[in-house]
Every structure is written in structure tokens, then in C-alpha cells.
Amino acid sequence: MTADLGITIAGVEFANPVWTASGCCGYGEELARVFPLSRLGALVTKSITLEPRLGHPPPRVAETSAGMLNAIGLANVGVESFIDEKIPFLARQKTRTIVNVAGSTMGEYIEVCQRLNDVEHLDMVELNISCPNVDKGGMQFGADPSLTEEVVKSVKKVFTRPVIAKLSPNVTDIVEIARAAEQGGADAVSLINSMVGTAVDIETWRPRLTNNTGGLTGPAIKPIALAMVSAVHSSCRLPVIGIGGIAGWADAVEFLLCGATAVQVGTAVFVEPEAPVKIVRGLREYMRRKKLRTVNDLIGRVRKYG
Amino acid sequence: MTADLGITIAGVEFANPVWTASGCCGYGEELARVFPLSRLGALVTKSITLEPRLGHPPPRVAETSAGMLNAIGLANVGVESFIDEKIPFLARQKTRTIVNVAGSTMGEYIEVCQRLNDVEHLDMVELNISCPNVDKGGMQFGADPSLTEEVVKSVKKVFTRPVIAKLSPNVTDIVEIARAAEQGGADAVSLINSMVGTAVDIETWRPRLTNNTGGLTGPAIKPIALAMVSAVHSSCRLPVIGIGGIAGWADAVEFLLCGATAVQVGTAVFVEPEAPVKIVRGLREYMRRKKLRTVNDLIGRVRKYG
Amino acid sequence: MTKPTCEDTFLKKRRSLGNDYYSLTFSPYSQAERCRPGHFVHLKLPGNDVFFRRAFSIAAVSPSAGEMEIIFKIVGRGTRAMAHLRPGDPINLLGPLGTPFKRPRKREHTLMVAGGIGFPPLLFLARDMISRGHDPKRIEFFYGGRTAGDVIERSRIKKLGVTFRPVTEDGSLGSKGLVTVPVEEFIENHDNGNCRIYGCGPEGMLKSTNELALRLGVPGQISLEAPMPCGIGVCLGCVVPLTDGGHARVCCDGPVFSIGEVAL
Amino acid sequence: MTKPTCEDTFLKKRRSLGNDYYSLTFSPYSQAERCRPGHFVHLKLPGNDVFFRRAFSIAAVSPSAGEMEIIFKIVGRGTRAMAHLRPGDPINLLGPLGTPFKRPRKREHTLMVAGGIGFPPLLFLARDMISRGHDPKRIEFFYGGRTAGDVIERSRIKKLGVTFRPVTEDGSLGSKGLVTVPVEEFIENHDNGNCRIYGCGPEGMLKSTNELALRLGVPGQISLEAPMPCGIGVCLGCVVPLTDGGHARVCCDGPVFSIGEVAL
Ligand SMILES: Cc1cc2nc3c(=O)[nH]c(=O)nc-3n(C[C@H](O)[C@H](O)[C@H](O)COP(=O)(O)OP(=O)(O)OC[C@H]3O[C@@H](n4cnc5c(N)ncnc54)[C@H](O)[C@@H]3O)c2cc1C
Ligand SMILES: Cc1cc2nc3c(=O)[nH]c(=O)nc-3n(C[C@H](O)[C@H](O)[C@H](O)COP(=O)(O)OP(=O)(O)OC[C@H]3O[C@@H](n4cnc5c(N)ncnc54)[C@H](O)[C@@H]3O)c2cc1C
Ligand SMILES: Cc1cc2nc3c(=O)[nH]c(=O)nc-3n(C[C@H](O)[C@H](O)[C@H](O)COP(=O)(O)O)c2cc1C
Ligand SMILES: Cc1cc2nc3c(=O)[nH]c(=O)nc-3n(C[C@H](O)[C@H](O)[C@H](O)COP(=O)(O)O)c2cc1C
Ligand code: FES
Ligand code: FES
């Protein structure tokens with residue numbers, strides 16, 4: 001018996017539930033040198049903004065215990081160059097393309113998504129309303145239920161394919177935000193983005209990031225992400241895409257059991273570029289051993305204590 | 001030149017800024033077999049509630065990447081036995097005793113603190129308004145600014161020595177909660193308590209904790225704790241006690257630079273029971289090397305990027 | 001509870017015992033003299049990668065040589081890393097920890113009931129008893145495993161002069177079946193008031209041993225396992241429910257408990 | 001950028017070069033043949049304890065033996081762990097990565113400007129040039145360090161037949177002072193249009209080298225370092241500011257940059 005790894009979210013079929021996370025696979029070109037992108041369920045691009053952005057000055061990454069901090073600051077080529085220079089490459093790849101969109105204002109989200117709506121070969125957008133590394137926008141949206149609802153609703157008006165809202169973990173109640181996204185018409189929610197954190201060089205007394213704070217990611221945050229995925233899955237009808245510290249297939253299984261329909265692999269790609277491929281392989285092997293026919297046999301099946 | 005490690009918080013002098021965290025040193029008896037408690041700036045007891053509590057059934061701890069999850073569930077002997085059986089031992093130790101207090105209702109906090117007010121040899125109470133592992137009370141208080149203000153204010157009426165409010169990191173804006181504690185009359189804030197998290201056994205499909213979720217602690221969460229300490233220090237006048245993932249003296253230095261007046265060592269005690277002693281030693285050595293005379297020469301001195 | 005020390009020692013000898021079982025001998029260990037059967041050490045692998053310490057019963061000590069031995073099986077990340085340790089590698093040990101076994105009286109029949117990786121503390125207990133003048137012939141060493149390969153260090157046990165009674169589920173060594181069956185037979189053929197039982201092994205085996213001892217009125221002790229963040233009694237993570245409704249910490253109230261004490 | 005592979009290899013040889021410097025040779029390395037001077041490998045230590053990979057310039061390869069060598073100094077946790085690796089230990093390598101050096105023309109004077117741990121890629125470059133028929137005599141190998149112990153592998157460099165010019169700040173070996181001083185002297189005594197400079201070393205040294213090359217009109221390249229989470233261009237963590245106002249990724253747009261390209 002071979003396991004069927006296919007999943008469907010908002011009518012879109014994915015060959016498997018293992019995607020790469022935004023900001024951790026660029027626009028696909030570099031990763032395609034390491035493995036054929038067709039192995040991925042989907043590739044989520046680096047956040048795209050209206051104008052090109054340089055991001056914060058270096059240093060903008062720092063290593064931590066079983067994780068890292070980043071304050072890249074949404075460096076990206078801007079939506080026009082993205083469409084002209086990056087989409088053609090992605091269109092040739094046999095994988096789903098999800099474009100992550102960020103903005104400083106409501107209008108920016110709308111404008112970028114409007115532009116993207118004309119682009120073929122783009123399966124969904126993911127709204128980054130949770131970036132901790134920019135002064136304006138980003139996390140502000142994702143920390144406020146009504147802004148969340150509004151930004152999703154506005155984007156749904158201009159973008160006709162499915163919209164994923166990517167949620168911030170830096171909130172008191174992520175379920176409330178997920179419900180607001182649902183209310184706004186989101187087709188799915190993805191969580192979590194990075195957690196606000198910092199580190200200081202004790203010799204120079206300088207923060208290790210020029211942005212003073214950054215986003216914590218990697219295995220360190222996995223338990224937090226998993227609890228949030230579980231909570232959102234239990235109280236919100238939208239499909240959940242699990243993100244946070246997934247490094248191996250067993251991590252992916254944990255997220256599926258907690259209710260994720262798909263997972264995104266971020267930081268682990270840095271440490272092991274083939275991680276997503278190994279996760280797909282491991283997941284298939286696990287399903288075979290457990291005699292599971294489809295991914296649905298795993299999703300949300302954690303046996304919670306009563 | 002020898003470095004002076006002494007600090008003062010709310011008029012109380014501490015021999016050094018290195019304390020053990022609540023729930024990680026029991027009531028001191030066991031740790032005293034490993035090193036003389038006089039080496040500590042202070043010992044913070046396990047949370048005390050009005051009635052004795054057994055806590056959650058096992059398993060109630062799980063290992064994670066550079067950290068752990070616990071859902072002990074405030075297991076403790078109750079305030080009466082604590083006063084009768086534990087205080088006499090602590091009174092004989094040459095260290096400051098801070099009693100951590102938890103409750104399911106406002107009334108419970110007040111009643112416990114009232115009882116403790118009669119006890120000599122007890123230097124401060126720390127209000128655990130941030131425990132993620134109980135159904136009622138705990139984190140509910142610490143996630144709501146007005147409840148935070150109220151519980152602190154009520155306790156201040158019945159407990160005449162200094163009161164520390166221990167804050168939860170599972171909030172959108174910890175600064176708001178810290179200010180509410182200040183408003184309520186807290187003499188200091190300590191942060192962070194553990195982060196809500198979970199883990200699942202992929203063979204049995206069971207959560208690794210009978211409570212389904214637990215609190216994540218250890219080096220994994222240090223960057224989060226540090227960013228919160230820094231934020232609270234920058235926007236609130238109260239002394240801040242830094243907690244979260246401190247395992248070595250360099251971690252303690254980072255917290256002091258970010259504005260902590262003292263630090264608490266939690267999970268690290270499990271891995272290395274002598275960690276607090278080593279941190280004191282390392283801190284002294286560091287201050288000597290950096291030619292710093294007092295801990296004040298470190299507190300809040302991080303040179304943030306402008 | 002004994003006063004533990006936290007000290008750096010070195011791996012002196014590593015023996016592979018087949019079937020993923022290993023013996024590690026550490027030296028110099030300043031606490032060798034103070035170790036009693038039932039005590040355990042809490043071993044820290046370098047770095048954060050295996051975050052918690054790992055608990056291992058002391059299998060043998062040589063106070064004169066300052067040596068201490070543990071025996072373990074690879075079951076996960078920590079034990080896998082331990083199997084790759086090489087002589088000369090430094091290791092930090094917290095110990096001795098826990099409450100040791102109470103020795104039986106000399107005239108009693110001592111029934112060791114060992115299962116799988118539960119045998120090391122019973123090996124230590126048997127050897128300690130003999131060195132204190134107990135008659136090895138009165139020690140019945142029941143040792144159960146799935147198959148012959150799980151019953152390790154057989155010649156070492158036999159050399160003690162005890163009555164060695166291997167039991168395997170597949171019958172590849174000794175009698176076939178579960179270890180508790182011949183234990184029960186032995187007790188039925190002897191004066192139960194003059195027997196004492198010591199059990200250490202997997203949960204199911206301990207449960208049966210505990211029940212059988214209660215049923216047949218044989219006193220004794222069992223040694224338990226639990227996840228152990230601290231090992232010294234401060235975290236309350238290792239508790240087990242007691243029959244009286246309370247909780248006990250395996251690390252310091254145990255790991256050795258009396259028959260009937262724990263709600264297994 | 002070259003197509004990298006991610007493969008498990010083994011430590012074959014470990015040499016201590018004094019003063020905390022080590023050489024590690026890995027084998028079998030399937031990519032040995034494809035490695036060019038300036039390429040680096042991204043090395044993963046087992047486990048999460050050293051979380052990021054660590055980048056090391058390739059110092060030498062032997063395609064026939066499938067061997068690849070790096071040379072490093074202990075400066076932190078990762079390199080300390082690496083110094084404790086033992087022959088036979090498995091290591092995962094991602095590589096070859098980065099954009100290699102462009103070779104000079106044969107008639108040009110090649111000025112290698114190495115500082116501290118910056119010397120390995122220049123050793124590789126010199127050797128590669130010679131194997132391709134460059135005259136070793138036209139390679140001036142300036143190599144600066146704080147003290148004599150920082151100028152390692154001297155006999156190996158000399159054996160290449162290059163003009164070896166050690167420089168130490170304390171004068172304990174070669175000329176005394178900063179390495180850029182004799183470099184400048186050399187250029188002033190030669191036709192700058194016929195010189196080409198290659199620099200690798202600490203930031204301050206690279207800055208001076210870059211300035212001096214710009215000032216004296218000598219073309220060339222420098223190899224940079226930066227924190228490198230991914231090494232393959234996807235994280236944007238390793239960027240350096242360029243003189244044109246943009247950012248470049250050290251890992252794939254570099255690590256080798258032309259003189260004047262980077263805003264140092
Ligand atoms: C007092 C005591 C004495 C022991 N003596 C021996 C011995 O002599 N020989 C031997 O082979 N083994 C012994 N064990 C068991 C041994 O500690 C485990 O096999 C070991 O911790 C497994 O580590 P791992 O990383 O390989 O396994 P993993 O399963 O990867 O990790 C073990 C993790 O699970 C937790 N855990 C959950 N249940 C248990 C449990 N029942 N016991 C221990 N940890 C648990 C631990 O805290 C740890 O985080 C003893 C355990 C205890 C408590
Ligand atoms: C392309 C390239 C080639 C290199 N070649 C060599 C070589 O041949 N020999 C050699 O000895 N060293 C070389 N280095 C430097 C080497 O990578 C570092 O010395 C090493 O990463 C230090 O690791 P550590 O854990 O010992 O030090 P730590 O200081 O404990 O950790 C290094 C950490 O700091 C970050 N970091 C910050 N600044 C830098 C920086 N400038 N370079 C690398 N990491 C940084 C890393 O990402 C990592 O997280 C090279 C670096 C690069 C980028
Ligand atoms: C270097 C880096 C850059 C990132 N950039 C983005 C981004 O541009 N947009 C976004 O939505 N998330 C971004 N993220 C967050 C990841 O997509 C992901 O949510 C987070 O890293 C948690 O997953 P992980 O632990 O697997 O890395 C970035 C993360 C990292 C580490
Ligand atoms: C096993 C365990 C039990 C704890 N019990 C309590 C408690 O009873 N009351 C409390 O306020 N905090 C409790 N904490 C939280 C710690 O005091 C501390 O805030 C947290 O562990 C973060 O610090 P660390 O990373 O150094 O462990 C507990 C933590 C652990 C790991
Ligand atoms: S292991 Fe911490 S109390 Fe037993
Ligand atoms: S190291 Fe990731 S882009 Fe260069």
C-alpha cells in the first residue's frame with residue numbers, strides 16, 4: 001500500500017503537505033540548484049512589497065540555542081521586478097507557488113495583491129500580517145482582530161484566488177485573530193511567524209541585530225507553534241498550515257496530528273537545504289508503517305487527555 | 001578591585017543578583033544539599049496556594065530542543081504546611097526568601113498573602129499571575145491589565161513587605177501588563193514565566209503531558225525573555241527581575257545589560273544544580289575583567305542601535 | 001536522600017554487550033565508596049543537544065579504584081550518544097542519588113526479579129549482599145527478557161554463585177514465558193514469610209511483581225523509572241501516584257519503593 | 001554560483017598547527033574535483049548544539065584521492081568542537097559554495113595579502129595557479145599576523161616556490177608592522193598596471209587592502225566573511241553593503257568581491 005500524500009486546500013491540490021516557508025527559500029532559484037522543486041508541495045516566496053526594499057543593515061541574523069534571530073526587514077525586489085524576473089522561473093517549476101505579501105499600509109497589501117491577480121502561475125497569496133521586523137504594518141495588523149479582518153476582506157476583493165492569512169504568535173489569543181481572518185474571508189491560516197526576541201553581545205554591549213530585536217525561529221519555538229496550531233484547529237474551521245521549528249519528518253507528523261493540513265519548513269532549510277525532501281520521504285515512510293492511506297488520517301488526530 | 005555584587009530592590013538588600021526561580025528549587029531543602037544557599041541572592045519558593053495541591057498526573061514534564069515543557073500544575077504543600085514545615089528551614093538559611101504565591105481567585109491570593117504577612121523571615125512575595133498550567137486563575141490574571149492591577153493592589157493592602165508581580169509572556173503587550181502592575185503598587189516585576197507549548201508522541205498520538213499543554217522554559221526561550229525584559233525596562237519605572245533560559249553567567253550579563261536588576265535561574269538548575277553558584281562566580285569574574293565596580297554599571301547599559 | 005556531588009569524571013572503559021547493551025565504567029569517581037545498591041547517577045552529555053540529564057542505576061563500584069559502572073541499552077537519543085562515547089571522554093555525573101534498597105535478612109530467600117535494563121541495580125545488590133556475608137545460594141536471580149540476547153552478563157551473574165534463573169518469552173534461554181511465572185512457583189514452594197522480593201524492569205513486569213508479592217504476602221521493594229529533569233527532588237516532574245492517594249518523587253522518595261506503596 | 005551538494009563525509013586527518021590552528025582533511029569528498037580557489041564549504045556539526053553551519057574556505061583538494069582540506073582557528077563554540085573531531089568522525093558538508101577567484105594573467109605580479117585565518121583560500125589559489133603554469137616567482141605571498149605563531153604552514157608555502165613575505169606586528173617573524181606596508185612598497189616599486197592583488201583576512205586588513213588597491217590603481221579581489229545561516233543565498237542574512245548603495249550576499253554573490261565593490 002502506498003500512502004497518498006496529496007492534500008487539497010480551498011480547492012487547490014498539492015502533491016504533498018510539505019512547503020517551504022516565506023523568507024527561507026528566496027524565490028526558488030537557489031533552492032532549485034539543490035533539489036528539484038517538484039518535490040515540494042508548494043514554495044512560499046519571500047515577502048513581496050510594493051517597492052523594492054533593501055532591508056536592515058547587517059548584522060541581521062544571530063544564532064541562538066536551537067534557533068536563530070533574524071531582522072532581515074523584508075528585503076525584496078518589489079512586486080514589479082518579482083513579476084518580471086522571478087515569476088517566469090517559478091512558472092517553469094512543477095510546484096505550487098504561493099506568493100507572500102507584506103505591506104506597511106492597508107493600501108499596500110491591496111495594491112500588491114491587485115498586481116498579483118493578473119499573474120498566471122501563482123496559486124495563492126499568503127498575507128504576512130505578522131512580520132516583527134518592520135516599524136509599520138506587519139505585526140500591527142496581525143495583533144489586532146479588526147485590522148486582520150479588514151486586510152483579509154480587502155485583499156479578497158482584489159485577489160480572486162485563495163488567500164492565506166499568516167498569523168503572529170506574539171499575541172495573547174491567536175484563536176481570536178484566526179477567527180477574525182476567517183470572518184474576513186480567508187481561505188486558510190498559516191502559523192506561526194517568528195517570535196520577537198533579542199540577543200546582546202556581552203563584549204561590545206551591542207544588540208546582535210542592528211534592528212535591536214528580531215524574530216526567533218527554529219526548533220526552539222516548535223512547542224509554542226504546535227500549541228497554537230492545536231488551539232486554532234480546535235476553534236476555527238479554516239484549514240491550518242503549521243509553521244515553526246519543523247526540522248524533520250517527525251516534527252511534521254506532530255503538526256499534522258495537532259490539526260495542520262500542511263506544514264512549512266523555514267529555518268531548517270538553512271541548516272539542511274534538503275530538509276523538505278527528507279521530510280516528504282520520512283512522512284511517506286511513517287504513513288506506510290502506520291498503515292495510513294491519506295494525510296487526512298493524521299490531521300487533527302491527536303488523542304488529547306480528557 | 002573586587003566587584004560589588006550587591007543590589008537593592010524596594011529597600012531590600014541582596015548579596016547578589018542571582019536568584020533561583022519558583023518551581024525550580026522546591027522550598028530550598030534539596031538544593032541546600034548541593035550548595036550552601038547563602039551563595040544565592042535569594043531563593044524564590046515553589047508557588048504556594050491556600051490548600052495543598054497534588055498537581056497534574058504524570059507525565060507532566062517533557063524534553064524539547066534546548067528546553068522543556070512542564071505541567072506540574074502548582075503542586076505544593078499549601079500555605080499552612082508551608083509556614084509550619086518549610087519556613088523554619090528557610091529561616092535558618094543565610095539567604096533572602098521570596099515566597100511565590102498563586103491562586104485561582106482574587107480571594108485566594110489575598111488570603112495566602114495575609115497568612116504570609118505574619119511570617120518573619122520572608123522578605124518579599126512574588127505573585128504568580130502567569131502560570132499556564134491551571135484552569136482557573138494564573139495566566140488569566142496576568143493577561144488582563146485590570147485584573148493585574150487589582151490583584152496587586154489587593155495584595156498590597158494585606159502584605160506589608162515588597163510585592164513582585166511575575167508576568168506572563170503569553171500576551172500581546174507585556175509592557176501594558178507591567179504598567180498595570182506598577183499602577184497597582186507593585187514594587188518590582190519579574191519576567192518571564194513559561195510560554196504555552198505542547199509536544200505529541202508520534203507513536204501513541206498522545207500529548208506528552210496529561211494536561212495537553214505545558215509551559216516551555218530553558219535556553220530555547222531566552223531571546224524572547226530578553227526582548228521582553230528590555231521592553232519593560234525601557235517603558236516602566238519598576239525594577240525588573242529577568243527570568244528565562246539563563247544557564248550561564250553570560251546569559252545573566254545579557255539580562256542585566258537589557259535592564260534586569262536581578263535574574264532568576266530556573267530550568268538550568270535541573271541540568272546543573274550548581275548553575276546559580278557558577279553564575280555568581282562568572283559574573284564576579286566578568287565584572288573584574290571589565291573593571292565594573294557595581295552591578296549598576298551593567299543594568300540597562302545595552303547600547304541599542306538608534 | 002544522600003548528599004550528591006556534581007563532578008566531572010572520565011570514561012575509562014566501554015564494553016559492548018551485544019543487542020544494543022553497553023557497559024560504561026567511569027573513573028575517577030570520588031563517590032564510588034558512598035554508592036549503595038539502588039542508587040543512581042544522573043549523567044549529563046556535553047552541550048544542550050540532549051537537554052536533560054539521563055538516569056542510570058549504578059551496576060557496580062570499585063571504591064579502591066575509584067570506579068563506577070553503569071549498564072544501559074540504546075533506546076533513544078541520549079543512550080545512542082552514550083554508546084558513542086570513547087575512553088577518555090569527560091562526563092559530568094550528579095550522584096549518588098535516590099534511596100537505596102534495604103538489604104534482606106541473611107536467612108531470607110532473596111528473589112531478584114530483573115527484566116531487561118532493570119538488571120543492573122540487582123546485580124549490584126546481589127554482589128553487595130554477598131560481600132557482606134549473605135549466602136549466594138539463597139539468592140534466586142530471576143532474569144527475564146524477550147529473547148536470549150536480552151539476558152546479558154550471564155557469566156558475570158553466574159560467577160557470583162547465585163541461583164541464576166533466566167527466563168525468555170521465546171524460550172531461547174532458560175524457561176519459556178514471563179519471568180513472574182517461575183517467581184510465583186518458587187514462592188509457592190517456599191515459606192512466603194521467609195522470602196523477600198526485589199524487582200526492577202519494565203513497567204508491566206513491575207506491576208505483575210508488585211501484585212504477586214502483595215497477593216502472596218511477600219515483602220520487598222521495586223525500583224522505578226520516570227522522566228527526571230532534576231534528579232534531586234526540586235522539579236516535581238518525576239512523581240508517581242501512591243496507593244494512599246498522594247504522589248512520590250521517584251528521584252528522591254524512590255527510585256526504590258516498598259511493595260504495595262505505589263499505584264502502578 | 002556552483003550547484004552544491006549536501007553530503008556526509010568523514011574526517012580523514014587532523015593536524016594541530018599550533019596557536020589554536022588546525023587542519024582537517026575530509027574524505028571521500030565527491031566534489032573535490034569541482035572545488036576552485038575561493039570556494040568554501042558549509043560544515044554541519046552533529047546535533048543542534050552548534051545550530052548554524054560554519055563556513056570554511058577550501059585550503060586544498062586532491063581530486064584523485066577525493067580529499068578536501070580546510071584550515072581554521074578556534075575562535076568560538078563551533079571551531080572548538082571541530083578541533084575535537086577525530087579521524088573517522090562523520091561530518092556533513094554543503095558545497096562547494098560561493099564564487100571563486102578569477103585568476104590573474106600569467107605575466108602579472110600576483111600579490112597575495114593574507115592575514116590570520118584568511119590564508120587558506122590564497123594558499124589554494126597560489127597552488128592552483130602554479131599547477132596551471134604560472135611562475136611561482138611572480139607570486140608574492142604577503143602573510144601577516146600578530147606574532148610568528150599566527151603565520152602558519154610556512155614551510156608549505158615556501159615549498160610552492162613563491163616569494164614568501166611574512167610580516168608580524170611584533171616583528172617576531174619577517175618584517176615588523178602591518179602587512180599592508182610592504183604590499184604598498186612592492187606596488188610602488190613595480191608597474192601597478194601589471195600587479196593584481198588578492199586579499200583575505202580580518203576586516204581591518206581587508207579595508208586597508210581595498211583602499212590601497214583603489215588608491216594605487218591595482219585591480220584584484222578580496223574574500224569576505226559574514227554570519228551565514230544558509231550559505232546558498234536564500235536567507236539574506238549574510239549581506240554586505242556595496243559602494244553602489246545595494247546589498248550583496250556574501251555566500252553566493254561573494255565571498256570573493258572585486259576591489260572597490262564593497263563598502264567596507
Ligand atoms: C532511577 C533510574 C534508573 C535507571 N537505570 C537504568 C539503567 O541502569 N540502565 C538503563 O539502560 N536505563 C536505566 N534507566 C532508564 C534510562 O534513564 C533511560 O533509558 C534513558 O533516560 C533513555 O534516554 P534516551 O535519550 O536514550 O531515550 P529517549 O526516550 O529519547 O529520552 C528519554 C527522555 O524521556 C524521558 N523519560 C520518559 N520516560 C522515562 C523513563 N521511564 N525513564 C527515563 N526517562 C524517561 C526522559 O526524561 C528523557 O527526556 C533508569 C531510569 C531511572 C529513572
Ligand atoms: C566564506 C567564509 C570562509 C571562511 N573561511 C575560513 C577559514 O578558512 N578558516 C577559518 O578559520 N575561518 C573561516 N571563516 C570564518 C569561520 O566561519 C568562523 O571562524 C566560524 O564560523 C566561527 O565559528 P565559532 O562557532 O567557532 O565562532 P562563534 O563566534 O562562536 O560563532 C560564529 C557565529 O557567529 C556568526 N558570525 C558572525 N560573524 C561571522 C563571521 N565574520 N564569519 C563567520 N561567522 C560569523 C556565525 O554565523 C555563527 O553563528 C570563514 C567564514 C566565511 C563566511
Ligand atoms: C531569515 C528569515 C526570513 C524570514 N522572512 C519572512 C518573510 O519575508 N515573510 C514571512 O511571512 N515570514 C518570514 N519568515 C518567517 C518564516 O516564514 C517562518 O514563519 C518562521 O521562520 C517559523 O518557521 P521556522 O521555525 O521553520 O523557521 C522568515 C524567517 C526567517 C528565519
Ligand atoms: C518544572 C517547573 C516548575 C515551575 N513552577 C513554577 C511555579 O510554581 N510558579 C511560578 O511562578 N513559576 C514556575 N515555573 C516557572 C519558572 O519560575 C520560570 O519563570 C521559568 O521556568 C523560566 O525560567 P527558566 O527558563 O530559567 O526555567 C516553573 C518552571 C518549571 C520548569
Ligand atoms: S526529577 Fe525533579 S523532582 Fe524528581
Ligand atoms: S547565508 Fe543565507 S543568503 Fe547568504
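Here is how names work: the chains are called A, B, and so on, in the same order as the sequence lines, proteins then strands, and each is numbered from 1.
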Margin query: Before you tell me yes or no, could you show the steps for A:Arg289 and B:Glu203 under salt bridge (Lys or Arg N to Asp or Glu O under 4.0 Å), namely the whole-Å CA-CA distance, both residues' side-chain angles and the distance that decides it to 0.1 Å?
Written below: CA-CA 11 Å; A:Arg289 173 161 68 82; B:Glu203 296 306 325; 3.0 Å; yes
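- Using a 4.5 Å cut-off between heavy atoms, B:Leu216 contacts chain A through its side chain alone, with no backbone atom that close.
- No other option in A:Asn212, A:Val302, A:Leu226 has as many heavy-atom pairs under 4.5 Å with chain B as A:Asn212.
- No side-chain heavy atom of A:Thr261 sits less than 4.5 Å from a side-chain heavy atom of A:Ile241.
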Next item on the list: Show your working on side-chain contact (heavy atoms from CB on, under 4.5 Å) between A:Asn170 and A:Met195 and close with a plain yes or no.
Entry: CA-CA 6 Å; A:Asn170 304 289; A:Met195 311 251 356; 3.8 Å; yes
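- The choice from A:Arg301, A:Lys222, A:Met228 that makes the most heavy-atom pairs within less than 4.5 Å of chain B is A:Arg301.
- Of the atoms belonging to B:Phe255, not a single heavy atom falls under 4.5 Å from chain A.
- Interface residue B:Ile224: backbone and side-chain heavy atoms are both found under 4.5 Å from chain A.
- Between the A:Thr172 side chain and the B:Ala143 main chain, no donor and acceptor come within less than 3.5 Å of each other.
- Considering only heavy-atom pairs separated by less than 4.5 Å from chain B, the leading option among A:Leu298, A:Leu257, A:Leu256, A:Val253 is A:Leu257.
- When heavy atoms are compared at a cutoff of 4.5 Å, A:Ile202 approaches chain B by way of both its backbone and its side chain.
- Using a 4.5 Å cut-off between heavy atoms, B:Leu209 touches chain A through its backbone atoms (N, CA, C, O) alone.
- In terms of heavy-atom pairs under 4.5 Å with chain B, the best-connected choice from A:Pro207, A:Gly197, A:Ala66 is A:Pro207.
- In this structure, A:Glu285 pairs ionically with A:Arg288, as a charged nitrogen and a carboxylate oxygen lie closer than 4.0 Å.
- Side-chain N/O atoms of B:Thr198 and B:Thr213 include no donor and acceptor closer than 3.5 Å.
- At distances below 3.5 Å, at least one donor-acceptor pair connects side-chain atoms of B:Thr210 with backbone N or O atoms of B:Pro57.
- Only the side chain of B:Thr64 comes within contact range of chain A, with heavy atoms under 4.5 Å apart.
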